[in-house]
Structure formats: C-alpha cells, structure tokens
Amino acid sequence: MHRHHHTSPHSWPSPSLPALSSTSPPPPLSSTNGSAHAHAHPLLPYLDLAHSSIQLKQIHAQALKFPPHPHLLLLHSRLIHSISLSGDLLYSLRLLLHPFPLLLPTSFSFNSLIRSFSRSPSLKPLSLQLYLQMLLLSLSPDNHTFPFVLKSCAFLSSSSFGSQLHSHIVKLGFSSDIYILNSLGHFYSSCGKLSLARQLFDGMPLRNRVSWNIMIDGCVMCGEYETALELFRDMQSQFSPDAYTMQSALCACAALGALSLGMWAHAFVLRKCDASVQNDVLINNSLIDLYSKCGDIVMARRVFDEMPQRDVTSWNALILGLTMHGQVEDSLLAFVQMISDVEGDKLRPNSITFIGVLSACNHGGLVTEGQKYFRSMVDEFGIKPQLEHYGCMVDILSRAGHIEEALELVKNMNCKPDVVYGEAFLIWRSILDACCKRNAGVEFSEAVAQRALESELVATSGVYVLLSKVYASANRWNEVGLVRRLMSEEGIKKEPGCSSIEIGDGIVHEFVAGDSSHPKSKEIYEKLNEVECKLVMAGYVPDSSQAPLVAEVDGVKCESLRRHSERLAIAFGLISTKPGMTIRVLKNLRICRDCHEIAKLISKLYCREIVVRDRARFHHFRDGSCSCMDYW
DNA sequence: GTAGGGTTAG
C-alpha cells in the first residue's frame with residue numbers, strides 16, 4: 001500500500017539515470033509482501049546500474065523510504081562501498097557512522113571506507129582512526145582490512161601502529177594471506193625496517209610478482225641498491241618484470257650512478273618489456289633521471305625528446321638534470337618552454353620545478369633572475385616557498401656577497417630554518433661560507449653561527465666545522481681548538497666521505513678516505529704518487545684550508561688530504577681504464593676544493609675527461625677546467 | 001552476501 005507513495009525509479013529525472021530505461025531493466029519493484037523477504041533487496045540491482053554519486057544518493061533516498069527488509073544491511077554496506085568509490089567520502093562516512101535505524105555498520109562497510117581513505121593522502125590518518133573505531137564496535141578486521149590500514153601506516157611511517165597491526169594479523173590467523181604479507185612487507189620497508197621486510201619475504205610460503213616488486217622497491221628505498229639488483233635478477237626465473245619492477249631497477253641504477261648498468265637496464269626495457277612499459281611516462285621519467293644521474297645528459301635529453309607523452313615530472317627531471325650538469329641556460333630555456341604552449345601541452349610548474357630553476361640561477365650566479373623567478377613562483381604560480389627554495393635564495397644572495405640580505409630573508413621566512421635538518425644546515429652553511437670567503441668579521445660570523453646553533457642544530461657537525469673555519473680563516477687557533485674540543489665532548493663526528501667508480505661490466509669499486517682495503521691498493525697509491533709528483537712539477541700547491549678539522553686531529557693535514565676518497569677513485573680509474581676513456585666517480589659528500597683543483601689538473605695532464613657526481617651536482621673536468629666554473 | 005596489494009623528480 002504505502003509503496004504508492006514512492007517515486008518509482010523509472011520516473012527519476014532522466015539525466016541522472018539514463019541507463020535504466022535503455023539497458024537491462026532491473027526486476028520490477030512490486031511483489032507480494034511475503035516473498036520480498038526471501039529475496040535480495042529490491043534496490044540492490046539499481047546499484048550496479050548507477051553511474052554517478054547523484055544516482056547512488058537517489059538510491060539511498062529510496063532506501064530510506066522503503067519498509068524494513070531483511071537484506072537492508074547488505075544494501076547499506078553496498079551503498080557505502082559504491083559511494084566511497086564514487087569519491088564522496090564525507091557522504092559515505094556519514095552513512096557509515098549514522099546508518100539506518102536499528103542497523104550497525106559491517107566490517108565490509110568499514111573496509112570500503114578504510115580503503116578509500118587510504119588512497120587519499122590527507123585522509124590516511126583517518127583510516128587508522130576508522131580501524132580503531134571498528135575495533136571499538138567489536139567488528140572483526142579481516143583480510144580486506146589489513147592491506148589498506150597498512151598502506152596508510154606505510155605512508156605515515158607509523159611504525160608502532162603497524163607493528164600492532166602485525167600482531168592483530170597473527171592473532172586473527174591471517175599470517176599466510178599473500179595480500180596481507182605483501183602489504184606488511186611494504187609497510188616495514190617504508191619504515192626503514194628492511195631486515196624485517198626481508199625476513200617476512202624469505203618466510204613467505206608463496207610469492208607473486210607484487211611480493212618481488214615490493215621487496216626490490218624496499219631495498220631501493222633503504223638504499224640497498226646492489227641487493228635490489230640481485231633480487232631483480234633472482235626474480236626473473238619466476239616472473240617477468242613489469243613497469244613497477246623496472247621502475248625500481250632503473251632507480252637503483254641511477255642511485256648507483258653506474259652508467260653501463262643503467263644502459264643495460266634501459267636495453268632490458270627495450271628488449272624484454274612490452275610497448276606499454278616502453279611508453280610508460282613513469283618509466284621514461286626514470287630513464288631521464290637515470291641518464292642525468294649517470295652523467296649522460298645528452299642521452300637524458302634524447303629520452304625526453306623521444307618519449308610519447310610528457311608530464312610535469314618529465315620536465316622536472318630534465319630541468320633538474322640540466323641544472324645538475326651546470327647547463328644553466330638550457331635549464332632555464334626548458335622552463336620557459338614548459339610554461340609556454342609550444343607543443344600544445346602547456347604544463348603548470350610545481351614546487352620541484354622551481355627547485356630546479358632556482359638552483360640553475362644559483363649555479364649561474366644569476367642574482368636578479370633568481371629573485372625574479374622566486375617572485376613569479378609566489379605571485380604568478382601561487383606556490384608557497386619551502387625551505388628548499390629559501391635555501392637556494394639564501395645561497396644565491398650569500399655567494400654574491402649580499403649577506404645581510406640573506407639574513408633578512410631567513411628572518412622573514414614563513415618556515416623556521418630548523419625544520420628539516422639537511423636544508424636548514426644548508427641555509428646556515430651558505431651564510432657562514434660567505435662570511436668566511438668575504439671576511440665578514442669574526443664577531444659577525446660568530447653571531448651567525450650562534451643563531452644556527454640555537455636552532456636545534458647543536459648535535460650536527462656542520463655548523464661546528466664551519467665555525468672552526470671562521471676561526472681558522474682569522475688565524476684564531478685557540479678558538480679552533482675550543483670548537484674541536486666541544487665537538488669531541490659532544491661525540492660529534494663528521495660523516496665519512498666515500499667515493500665509488502664503475503669499471504668494466506658494472507662492477508662498482510668503493511673507497512673511503514685513506515682506504516687500503518682494495519686489492520690493488522698498492523698500485524693505486526703508486527699512481528697517486530706519480531700523479532702528485534707530476535702535479536707538483538707543473539706548479540701545483542695543495543690548499544689545505546678545506547680539510548680543517550678532522551684532518552688536523554690526525555696531525556697530518558696534507559697527508560689526510562692526499563687520501564680523500566675521490567682521489568683514490570680517480571687514481572684507480574687511471575690505472576684501470578684505457579687512455580682517453582672518461583673516468584666517472586660518485587661521491588657521497590661535496591667534493592673538496594683541493595680535490596677539485598687536482599681533478600682539473602689531471603684532466604689536462606692525462607688528457608682525460610673526469611666526471612664527478614657529488615652530493616649536489618655534477619662536475620665535468622675537461623682540459624684543466626670544470627663545468628661548474630668553480631662555483632658550487 | 002558484496003571487495004583487494006606495490007611508483008617518478010629535490
């Protein structure tokens with residue numbers, strides 16, 4: 001009887017439900033009162049036909065007017081599922097927390113919403129709360145719950161929450177579900193607990209392609225690139241790699257800076273992967289990054305030119321690559337091309353684009369341009385400057401001697417220079433470096449260092465090293481000693497320098513300062529002697545000011561300088577490659593001024609091109625000069 | 001009586 005008051009779904013406004021009248025009409029609504037209870041909810045078929053959240057909400061409205069039905073709970077669950085998939089998370093959350101009268105939400109409903117929340121960056125924390133809410137309602141999480149809660153934990157690096165999930169998983173008997181194990185593995189490696197992820201992986205009764213991909217990517221995330229490539233090889237006896245696999249493999253090659261290995265990976269993509277992988281934007285972006293990080297910017301550009309489609313990241317990878325290689329003009333040109341509508345694919349730059357652009361200005365010493373781009377970033381593109389952008393600007397200003405202006409910028413920053421350790425340190429280092437170079441005066445420099453130390457950076461070596469440089473440059477050796485004592489009292493150590501070089505078929509040789517562990521160590525030091533004799537004959541005088549603190553602790557300044565890791569790697573390169581071949585070296589820290597001088601001279605005396613990738617950028621040494629124009 | 005896992009550039 002009361003059904004006469006309902007609006008029939010067939011009479012809904014036609015734009016909302018066009019499918020209903022044309023294709024596969026659902027069973028008629030009317031049936032006898034008795035038999036209705038035995039069947040599915042009459043509105044259920046409409047769910048599969050609904051194409052928009054408006055239609056889904058109309059079904060919800062209908063359901064509210066329907067008489068009680070034993071399968072209302074199923075309809076409710078399915079509604080939440082469909083509406084959350086349609087993107088209206090607020091609506092489905094309301095539906096979950098305020099269900100129809102007399103109904104309690106189901107695990108299924110929670111799962112649906114947790115999944116949708118775990119896919120949105122900002123709502124990930126809420127998915128964890130939903131999980132707790134679910135437990136409070138005595139609903140049991142299941143094999144569809146854990147993967148998504150773990151995904152959120154991975155993203156948020158919520159290591160304690162995730163570990164507790166792990167024990168829930170064990171308790172509830174889900175510890176052999178492959179989906180759950182894969183998600184757990186991903187979670188552990190995102191939190192840097194590799195060994196745990198590896199343990200899990202090794203103990204898996206069954207692995208699929210995703211398990212391998214997660215493990216390989218986990219190694220890459222934790223910096224274990226060689227292991228990643230080993231796994232990549234092992235995996236192939238069981239699964240062919242897909243775009244995800246290649247993505248990680250390329251990333252590992254890029255990080256290792258091993259050009260021939262990277263070229264091999266590229267060849268692998270071209271030979272063994274299908275067209276969808278070869279044309280994949282992400283894969284091509286990784287290739288651009290790979291070649292620029294391996295020192296072959298020409299090849300990076302070629303990949304960029306030849307890829308079928310480009311996105312912001314493609315442009316960013318190119319701009320950052322050109323900048324890293326000191327090709328300032330090309331980098332800025334690429335930016336202009338990106339924002340102009342040349343090929344019909346005008347793109348909006350993002351904050352990373354501007355890191356590339358501002359670094360280019362910094363690299364080229366372009367103060368006015370840097371300021372112009374910084375302003376346009378804020379005013380024209382509405383991008384809020386981050387510490388990294390301020391870092392570039394501060395560096396540009398300090399290098400140009402505008403120290404007061406740089407300090408003013410730091411003062412007016414909307415983020416404190418102590419949030420991110422690395423960047424904050426760079427900001428103060430830029431200023432202190434400039435203070436040293438420009439003889440800003442010890443008192444002034446001390447005041448700057450004082451401010452740096454106040455900003456929670458006390459436990460880092462960088463500021464102390466710089467402060468000692470300030471004193472050393474003013475010949476105030478008592479203070480140098482004082483700083484040194486302070487450092488040793490606080491147990492502060494400098495990060496050890498490490499350089500690597502790839503010789504032949506992808507074999508990477510690694511050196512630390514003063515290393516004598518290499519099998520060819522004797523030959524390396526002999527070569528180093530020869531090189532240095534030649535250099536001295538050519539009039540070279542070592543500059544020891546760059547090895548201020550740690551070197552002096554040993555009491556043998558020049559000796560320690562002579563054994564810098566990059567120097568050992570270059571010497572090894574000289575004895576292990578054919579005359580005229582390019583020597584490519586990778587260093588974890590910035591190259592020191594003296595090693596930089598030496599590399600320039602070696603490039604001339606031995607007619608070798610030497611490419612050094614340090615922490616910040618590439619140095620191409622050719623015929624006695626460097627692409628960075630001694631500006632880094 | 002419903003459903004699913006893993007990415008890029010600093």
Side-chain angles (χ1 to χ4, degrees), chain A residues 39-41 44 47-48 70-71 73-82 84-85 106-116 118-119 142-151 154-155 177-187 189-190 197 207-218 220-221 242-251 254 277 280-290 292-293 300 304 307 310-324 349-359 386-389 391-392 420 422-423 426 615-617:
Chain A
H39 299 295
H41 196 286
L44 202 55
L47 272 179
D48 298 324
H71 293 307
L73 187 58
L74 174 67
L75 182 75
H76 179 247
S77 301
R78 287 281 310 268
L79 261 175
I80 290 176
H81 178 72
S82 300
S84 72
L85 278 182
T106 58
S107 291
F108 179 85
S109 316
F110 268 96
N111 290 350
S112 301
L113 216 55
I114 287 176
R115 175 177 65 171
S116 297
S118 76
R119 285 178 176 168
D142 60 22
N143 53 329
H144 288 279
T145 320
F146 291 114
F148 302 108
V149 199
L150 284 166
K151 183 192 167 92
F155 178 86
D177 182 294
I178 195 162
Y179 284 88
I180 292 182
L181 288 177
N182 284 349
S183 308
L184 254 181
H186 176 64
F187 156 72
S189 46
S190 316
R207 299 182 198 119
N208 58 16
R209 197 202 307 262
V210 176
S211 325
W212 284 92
N213 285 351
I214 286 174
M215 196 60 234
I216 292 170
D217 190 53
V220 172
M221 278 194 289
D242 61 6
Y244 287 101
T245 327
M246 289 319 297
Q247 170 71 35
S248 306
L250 290 171
C251 186
V277 178
D280 189 280
V281 185
L282 247 54
I283 291 288
N284 281 290
N285 291 349
S286 303
L287 283 169
I288 299 172
D289 190 49
L290 167 83
S292 65
K293 281 196 180 139
F304 177 87
M307 63 197 283
R310 298 173 196 101
D311 62 7
V312 190
T313 307
S314 324
W315 285 94
N316 287 354
L318 179 72
I319 291 171
L320 289 161
L322 289 166
T323 299
M324 240 196 316
N350 60 21
S351 69
I352 290 163
T353 320
F354 278 98
I355 290 173
V357 169
L358 294 176
S359 316
Q386 298 161 351
L387 211 47
E388 288 90 335
H389 303 106
C392 282
V420 189
E423 290 301 324
L426 287 183
R615 175 173 273 185
R617 64 171 49 126

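Reckoned from all heavy atoms, side chains included, excluding hydrogens, waters and symmetry mates. Proteins get letters first, then strands, A, B, ... in listed order; numbering begins at 1 in each.
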Query - Whole-Å gap separating P (B:dT8) and CG (A:L290) - result: 16 Å
Report task. Would you classify A:R209 as touching base, sugar-phosphate or nothing, given that sugar-phosphate means primed atoms plus P, OP1 and OP2, and contacts are heavy atoms under 4.0 Å? Result -> nothing
Query raised in the report: Would you say a side-chain N or O of A:R78 is under 4.0 Å from OP1 or OP2 of B:dT2?
Result: no
Query raised in the report: So, A:F108 versus A:H81, ring centres under 6.0 angstrom or not?
Result: yes
Query raised in the report: Is any side-chain heavy atom of A:R115 closer than 4.5 Å to a side-chain heavy atom of A:L85?
Result: yes
Requested in this report: Quick one: label A:D48 by what it contacts on the DNA or RNA (base, sugar-phosphate, nothing), any heavy atom closer than 4.0 Å.
Outcome: nothing
Report task. Give one of base, sugar-phosphate or nothing for A:N208, where a contact means two heavy atoms less than 4.0 Å apart. Result -> base
Query raised in the report: At under 4.0 Å between heavy atoms, what does A:R119 touch on the DNA or RNA strands: base, sugar-phosphate, or nothing?
Result: sugar-phosphate
Query raised in the report: Hey, mind stepping through A:L75 and A:L47 against side-chain contact (heavy atoms from CB on, under 4.5 Å) and telling me if it holds?
Result: CA-CA 9 Å; A:L75 182 75; A:L47 272 179; 4.0 Å; yes
Requested in this report: Measure the distance from CD1 on A:I288 to C1' on B:dG10 and round it to the nearest whole Å.
Outcome: 16 Å
Report task. Measure from NZ on A:K151 to P on B:dA3 and round the result to the nearest Å. Result -> 19 Å
**Report entry** Between C1' of B:dA9 and CZ of A:F304, the distance in whole Å
**Finding:** 13 Å
Report summary line: Rounded to whole Å, CG of A:L113 lies from P of B:dA3 at a distance of 17 Å
Report task. Mind checking A:L320 for me? I need base, sugar-phosphate or nothing, with any heavy atom below 4.0 Å counting as a touch. Result -> sugar-phosphate
Report summary line: Between A:L113 and A:S84 the two heavy atoms that sit nearest each other are CD1-CB, 3.6 Å
Report task. Locate the shortest heavy-atom distance separating A:A300 from A:S292; write the atom from each residue and the value. Result -> CB-N, 3.8 Å
Requested in this report: Enter the distance from A:F304:CZ to A:N284:CG here, rounded to the nearest 0.5 Å.
Outcome: 11.0 Å
Report summary line: Of the candidates B:dA9, B:dT8, B:dG4, the side chain of A:D289 sits closest to B:dA9
Requested in this report: Give A:D280 one of three labels, base, sugar-phosphate or nothing, depending on what nucleic acid heavy atoms sit under 4.0 Å from its own.
Outcome: nothing
Requested in this report: Using a heavy-atom cut-off of under 4.0 Å over every strand shown, decide if A:L181 touches base, sugar-phosphate, or nothing.
Outcome: nothing
**Report entry** Any A:K293 side-chain nitrogen or oxygen under 4.0 Å from OP1 or OP2 of B:dG10
**Finding:** yes
Query raised in the report: Just checking A:T313: base, sugar-phosphate only, or nothing, at a heavy-atom cut-off of under 4.0 Å?
Result: base
**Report entry** Which nucleotide in B:dG1, B:dG10, B:dG4 has an atom nearest any side-chain atom of A:L74
**Finding:** B:dG1
Report task. Please indicate yes or no: is the ring centre of A:F108 less than 5.5 Å from the centre of the six-membered base ring of B:dG1, with the two planes inclined by under 30 degrees? Result -> no
Requested in this report: Report the distance from atom CD1 of A:I352 to atom C1' of B:dT8, rounded to the nearest whole Å.
Outcome: 9 Å
Query raised in the report: Just how far, in rounded Å, is C1' of B:dG4 from CD1 of A:I180?
Result: 10 Å
Query raised in the report: Where the side chain of A:I355 is defined as all heavy atoms beyond and including C-beta, which of B:dT8, B:dG4, B:dG10 is the nearest nucleotide?
Result: B:dG10
Query raised in the report: Under 5.5 Å between ring centres and under 30° between planes: does that hold for A:H81 against the base of B:dA3?
Result: no
Query raised in the report: Rounded to the Å, how far apart are A:D177 CG and B:dG4 C1'?
Result: 9 Å
